There are 2 protein chains.
Amino acid sequence: MGITKTQIFNTRQNELAVIFKVLSNPARIAILQYISTQKACICNDIVDEIGLAQPTISQHLKELKSIDLIQGEIDGKKVCYCINLKKWKEIQKLLNSFFDKTKFNCC
Amino acid sequence: MGITKTQIFNTRQNELAVIFKVLSNPARIAILQYISTQKACICNDIVDEIGLAQPTISQHLKELKSIDLIQGEIDGKKVCYCINLKKWKEIQKLLNSFFDKTKFNCC
DNA sequence: TTTTATAATCGTAATATTGCAATATATAAA
DNA sequence: TTTATATATTGCAATATTACGATTATAAAA
């Protein structure tokens, strides 16, 4: 088939899967790391920094935005991308909760 | 194209992406949660528990095994799947390190 | 207004993922 | 040995993802 059967899982499970999916690409990991190291709100040097074409980067940024992990502020003809600190910490907490709640009663 | 350009990213970035990819499916999340709630080393009631066909579950288990997140011990004609506690904690630490190292100097 | 620069969107090719039926394998029970 | 049960593997159809060229939209600069 090719389509994930989200209907048979609960909201939390699907939510976790979506977050993990957004993070499941090295380009998006690299973009997040790069954005976070910039002192000023540096924008599409991302294209120069990462070795991918501009439409590709733009698409990855869109996916990161889809879960609010980053925000883009328009600054003239440039767009300034920043990590959404609130969401970032929220997600970290959510993932830790997943890892902590999974118990090891077995073997 | 359709292929991720892993060559242009570093080992850590690719490693993180692979871990996130394995976790990026609600069936695999559900399997991990189910395995972890079982007191005894219960095996493939997983198929009955999750609403997916046996070959599909088998494939998901294989992917979870690919990063050593679970282990399967053969017990007669059954196989007993358990979470690999060591790896589990290792991955949690790795993800936290990723989340912690990402700074917020921006906006 | 025209040009230039920046970033988003569209369309598409290559490849990956999801899920399942059919089949294979392996072990236990009869 | 035969049969039944549990799990893995194979092959395939449907769909998703990745990447990029071409194009479009927007705004600053000339």
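Given the structure is predicted, the values throughout are model-derived calculations rather than measurements. Labels below follow one simple rule: chain letters A, B, ... track the order of the sequence lines, proteins then strands, and each chain is numbered from 1.
The separation between B/Ile57 atom CD1 and D/dT9 atom C1' is 16 Å, rounded to whole Å. When rounded to the nearest whole Å, the span between NZ of B/Lys21 and C1' of C/dA16 equals 7 Å. Distance, A/Asp75 CG to D/dA28 C1': 11 Å, rounded to whole Å. D/dT10 atom C1' lies 10 Å from atom NZ of B/Lys62, rounded to whole Å. The distance between atom CD of A/Glu73 and atom C1' of D/dA27, rounded to the nearest whole Å, is 17 Å. In this structure, B/Leu23 places its CG atom 16 Å from C1' of C/dT17, rounding to the nearest Å. Residue A/Lys78 contributes atom NZ, which lies 12 Å from atom P of D/dA28 at whole-angstrom precision. Regarding A/Tyr81, its OH atom lies at a distance of 11 Å from the C1' atom of C/dT6, rounded to whole Å.
Classification of the B/Phe98-B/Phe20 ring pair by plane angle, with boundaries at 30° and 60°, yields perpendicular.
To the nearest 0.5 Å, atoms CD1 (B/Ile31) and CD1 (B/Ile50) are separated by 5.5 Å. With values rounded to the nearest 0.5 angstrom, B/Leu94 atom CG is found 5.0 Å from B/Leu16 atom CG.
A sub-4.0 Å separation between OP1 or OP2 of D/dT17 and a side-chain N or O of A/Asn25 is absent. Between B/His60 and C/dT17 there is no side-chain polar atom (N or O) within less than 4.0 angstrom of OP1 or OP2.
In this structure, B/Ser58 reaches the bases: a heavy-atom distance under 4.0 Å links it to at least one base atom across the strands shown. At the heavy-atom level, A/Leu52 lies under 4.0 Å from the strands shown only through sugar-phosphate atoms. Within 4.0 Å of A/Thr56, counting heavy atoms only, lies at least one base atom of the nucleic acid.
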**Prompt:** Given A/Ile67 and A/Ile91, is the side-chain contact (heavy atoms from CB on, under 4.5 Å) satisfied, shown in steps?
**Reply:** CA-CA 10 Å; A/Ile67 59 163; A/Ile91 285 175; 4.0 Å; yes
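For B/Gln59, taking side-chain heavy atoms from C-beta onward, the closest of the listed nucleotides C/dG19, D/dT18, D/dC20 is C/dG19. Ranking C/dT18, D/dT5, D/dA16 by closeness to the B/Lys77 side chain, first place goes to D/dT5. Each of C/dA8, D/dT18, C/dT9 was ranked by its minimum atom distance to the side chain of A/Pro55; first place goes to C/dT9. The side chain of A/Lys65 lies closest to C/dA8 when the candidates are D/dT5, C/dA8, D/dT18. Checked against C/dA8, C/dC20, C/dT15, the side chain of B/Ile3 finds its nearest nucleotide in C/dT15.
With hydrogens and angles ignored, a donor-acceptor pair closer than 3.5 Å exists between the side chain of B/Gln54 and the base of D/dA8.
For the pair B/Gly76 and B/Ser24, both in contact range of DNA chain C, the more 5′-proximal nearest nucleotide belongs to B/Ser24. Nearer the 5' end of DNA chain D, as judged by each residue's closest nucleotide, is the contact made by B/Leu61, out of B/Leu61 and B/Phe9.
For the pair B/Lys5 and A/Leu52, the tightest heavy-atom approach, listed with the atom from each and the gap, is CD-CD2, 3.7 Å.
Here B/Lys93 does not pair with B/Glu90 in a salt bridge; the nearest charged N to carboxylate O distance is not below 4.0 Å.
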